[in-house]
Amino acid sequence: MFTSVLNDQFDNLDKHTQWGIDFLEKYAKFVKERIEIEQNYAKQLRNLVKKYCPKRSPKDEEPRFTSCIAFFNILNELNDYAGQREVVAEEMGHRVYGELMRYSHDLKTERKMHLQEGRKAQQYLDMCWKQMDNSKKKFERECREAEKAQQSYERLDNDTNATKADVEKAKQQLNLRTHMADENKNEYAAQLQNFNGEQHKHYYIVIPQIYKQLQEMDERRTIKLSECYKGFADSERKVIPIISKCLEGMILAAKSVDEHRDSQLVIDCFKSGFEPPGDFPFEDYSQNIYRTISDGTISTPKQEGMRIDSKTTVGKAKGKLWLFGKKPKGPALEDFSHLPPEQRRKKLQQRIDELNRELQKETDQKDALIKMKDVYEKNPQMGDPGSLQPKLTETMSNMDRLRMEIHKNEAWLSEVEGKVAARSDRRHSSDINHLVTQGRESPEGSYTDDANQEVRGPPQQHAHPSEFDDEFEDDDPLPAIGHCKAIYPFDGHNEGTLAMKEGEILYIIEEDKGDGWTRARRHNGEEGYVPTSYIDVTLEKNSKGAVTYI
């Protein structure tokens, strides 16, 4: 107990209570730094989430893979987790740090008051001691003076030569000194009694009371620290259930990843709608051996026919045709005819859906204007019905325009879907026809004049370049920027494409622009587009340029 501490330990208690306040403020500083850590941690987490969150517009049509969606969900959960760290920092700041700083201020004020009371009590006791000591010294001095007066009186009373007046005067002086000594004695006794009383009160009542108050103050400080320790832990324990839910959300996001669905998205995204490459026809180079002697040389009609076919093929290549006509150099075509069939169908369907949504909005607006017009007609004081007519006319015009757009896009969509279905039917029938016509020859040993087989056959390489100079004299061939090797065969049915065999080496004259097609050239100068996924591309800085036609 502090009541057992003597007065000379008052300075030690002063130092101890000051240490207690310093320790309290030290812990408050610790809590403040922990709050800053939590705030910085939450801020860094939010910046991390912001950095990796997708910056995509609402109309972004990129495929949403389940692995990507799961990652975005994890980012959202992490953002919520960062919010809980902010809650922890806020709770610590309010419940612990703020409370500690307020209590520290009150503690300093109370300590100062108790120490001042102790010093005042000590000063009062010192004052009482000084008064008692002064009265004691005065009493001692008067006693010595009384003793001197008595000695002087006795000396004069025994001196036969002394006069009676001197003896009487010495006697009076003795009586005066004796009386003053008695009065100082009484004063000293009173002061001594008062000092003893104040000293007893000081050591047994005043100082113990001050020490008790200091003890209670220090114990309250210890209790406050204990409460703050608990509050420090409770601030984080309160958010543990929410943090657990965030972590559970991350686990659920991880479990939601579906590799088969992602694969299907890739298939739907890159599906072009083109037919796979068909079988190559048999090319009978022995037909010249069995020609009749009367023909003399190679059949002229056959050469002319093949020369025309070669010219047509090379002309198409030199004309830089895209799969569905000229490759657009400017913005995308309105009907998306520059896209493969399947991608075109998807784009058209998306546009039709958007137009239907816009049409629905205009329809709703028209209905609202009609209702408002009826209300104005019934209640003219609410507004002029004629003021709504321009807006109603504009809405009707927009509806007509949207209907025309929808009809036009639906026609294109029907055309695309019809072509896809026709190609599917033709693919099955062509397999059968190919088996039937593969061995059919004309009386001269040549193949029949089937248009499909003429296009599928490779161009004859004995056509003279001068036959094409008049038509394409201003169109210089593009330089080669690399070469490629065909991984799979491609029959090149569509206009602007280039047929190739597996393992064939071609020159690259134009890279893939993101549509899945690469422009290539054979050694004989024939150009066209081939699927990028069918070839192994090698780009070179100093590759072979335009080749000479054979």
Side-chain angles (χ1 to χ4, degrees), residues 1-38 89 91-140 187-237:
M1 296 291 291
F2 286 169
T3 55
S4 62
V5 182
L6 299 177
N7 185 53
D8 57 353
Q9 298 298 321
F10 186 80
D11 292 339
N12 291 334
L13 288 179
D14 185 0
K15 294 178 181 178
H16 173 74
T17 52
Q18 182 61 46
W19 171 87
I21 294 176
D22 293 341
F23 182 80
L24 185 74
E25 293 180 343
K26 184 177 181 180
Y27 178 69
K29 184 179 180 182
F30 162 78
V31 175
K32 181 181 179 182
E33 292 183 2
R34 169 64 188 277
I35 291 172
E36 292 175 354
I37 290 174
E38 291 290 348
E91 184 71 12
M92 286 184 179
H94 174 72
R95 183 176 176 181
V96 182
Y97 180 74
E99 185 67 21
L100 283 173
M101 296 308 295
R102 286 191 296 270
Y103 186 76
S104 175
H105 179 269
D106 296 340
L107 200 63
K108 290 179 180 178
T109 303
E110 183 180 358
R111 173 181 174 275
K112 182 178 180 181
M113 181 187 66
H114 294 323
L115 294 179
Q116 286 178 348
E117 289 178 354
R119 292 189 180 94
K120 287 180 180 180
Q122 186 64 40
Q123 290 173 359
Y124 178 73
L125 183 63
D126 292 341
M127 183 190 68
C128 292
W129 181 84
K130 287 180 179 180
Q131 290 177 352
M132 182 272 297
D133 187 61
N134 290 335
S135 63
K136 176 183 176 182
K137 291 179 179 179
K138 190 176 182 181
F139 170 62
E140 183 181 4
E187 178 66 19
Y188 168 62
Q191 290 295 336
L192 179 61
Q193 184 178 4
N194 180 64
F195 172 74
N196 289 332
E198 292 298 333
Q199 181 176 252
H200 185 276
K201 180 181 178 181
H202 176 81
Y203 284 107
Y204 289 93
I205 298 176
V206 177
I207 291 299
Q209 183 66 27
I210 294 174
Y211 287 172
K212 183 179 180 182
Q213 291 172 350
L214 289 173
Q215 178 182 356
E216 292 175 352
M217 181 193 72
D218 195 70
E219 289 177 351
R220 289 198 306 272
R221 176 190 63 82
T222 306
I223 293 173
K224 177 61 67 175
L225 279 173
S226 175
E227 293 174 352
C228 291
Y229 293 159
K230 182 175 179 296
F232 183 84
D234 286 340
S235 299
E236 188 160 359
R237 187 173 63 179

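Between Glu198 atom CD and Gln193 atom CD the span is 11.5 Å, to the nearest 0.5 Å. For the atom pair Met217 CE and Lys108 NZ, the distance stands at 12.5 Å (nearest 0.5 Å). Here the NE2-CG distance, from His16 to Asp11, works out to 14.5 Å after rounding to the nearest 0.5 Å. Here the CG-CD distance, from Asp133 to Glu140, works out to 9.5 Å after rounding to the nearest 0.5 Å. Note that CD of Glu25 and CG of Leu107 are 9.0 Å apart. Values are rounded to the nearest 0.5 Å. Of the inter-residue distances, the one linking Glu219 atom CD with Lys212 atom NZ reads 10.5 Å to the nearest 0.5 angstrom.
The two residues Cys228 and Tyr27 have their closest heavy-atom pair at O-OH, 3.6 Å. Closest of all the heavy-atom pairs between Gly118 and Ile207 is O-CD1, 4.4 Å. Nearest heavy-atom pair across Phe195 and Cys128 is CD1-C, 3.6 Å. Of all heavy-atom pairs spanning Ile21 and Ser104, the tightest one is CG2-OG, 4.1 Å.
Counting non-hydrogen atoms of neighbouring residues, nucleotides and ligands closer than 6.0 angstrom, the OH atom of Tyr229 exceeds 12 such neighbours.
A salt bridge is absent between Glu117 and Lys120; no separation between the charged side-chain nitrogens and carboxylate oxygens falls under 4.0 Å. Using a 4.0 Å cut-off between charged nitrogen and carboxylate oxygen, Arg237 and Asp234 count as a salt-bridge pair.
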Item to complete: Take Glu227 and Lys224, measure what salt bridge (Lys or Arg N to Asp or Glu O under 4.0 Å) needs, and give me the verdict at the end.
Response: CA-CA 5 Å; Glu227 293 174 352; Lys224 177 61 67 175; 3.6 Å; yes

Discussion item. Could you go through Thr109 and His105, starting from their C-alpha distance and side-chain angles, then the distance that decides it, and tell me whether this counts as side-chain contact (heavy atoms from CB on, under 4.5 Å)?
Written reply: CA-CA 6 Å; Thr109 303; His105 179 269; 4.1 Å; yes

Discussion item. Salt bridge (Lys or Arg N to Asp or Glu O under 4.0 Å) for Asp218 and Arg221? Distances and angles first, verdict last.
Written reply: CA-CA 5 Å; Asp218 195 70; Arg221 176 190 63 82; 3.1 Å; yes

Item to complete: Please assess Glu187 against Gln191 for the test side-chain contact (heavy atoms from CB on, under 4.5 Å), listing each intermediate value before the final yes or no.
Response: CA-CA 6 Å; Glu187 178 66 19; Gln191 290 295 336; 3.1 Å; yes

Item to complete: Go through the steps for Arg34 and Glu38 under the test salt bridge (Lys or Arg N to Asp or Glu O under 4.0 Å), then give the verdict.
Response: CA-CA 6 Å; Arg34 169 64 188 277; Glu38 291 290 348; 2.9 Å; yes

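Distance alone, capped at 3.5 Å, is enough to place a donor-acceptor pair between the Ser235 side chain and the Gly231 backbone. Not a single donor-acceptor pair under 3.5 Å links the side chain of Asn194 to the backbone N or O of Ala190. Listed for the Asn134 side chain is a donor-acceptor partner under 3.5 Å among the backbone atoms of Lys130.
Of the N and O atoms on the side chains of Asp14 and Gln18, not one donor lies less than 3.5 Å from an acceptor on the other residue.
Residues Met113 and Gln213 fail the side-chain proximity criterion, which asks for heavy atoms closer than 4.5 Å. Looking at heavy atoms from C-beta onward, Phe23 lies in side-chain contact with Leu225 at the 4.5 angstrom threshold. Gln199 places none of its side-chain heavy atoms less than 4.5 Å from the side chain of Trp129.
Using cut-offs of 30° and 60° for the angle between ring planes, the Phe30 and Phe232 rings count as tilted.
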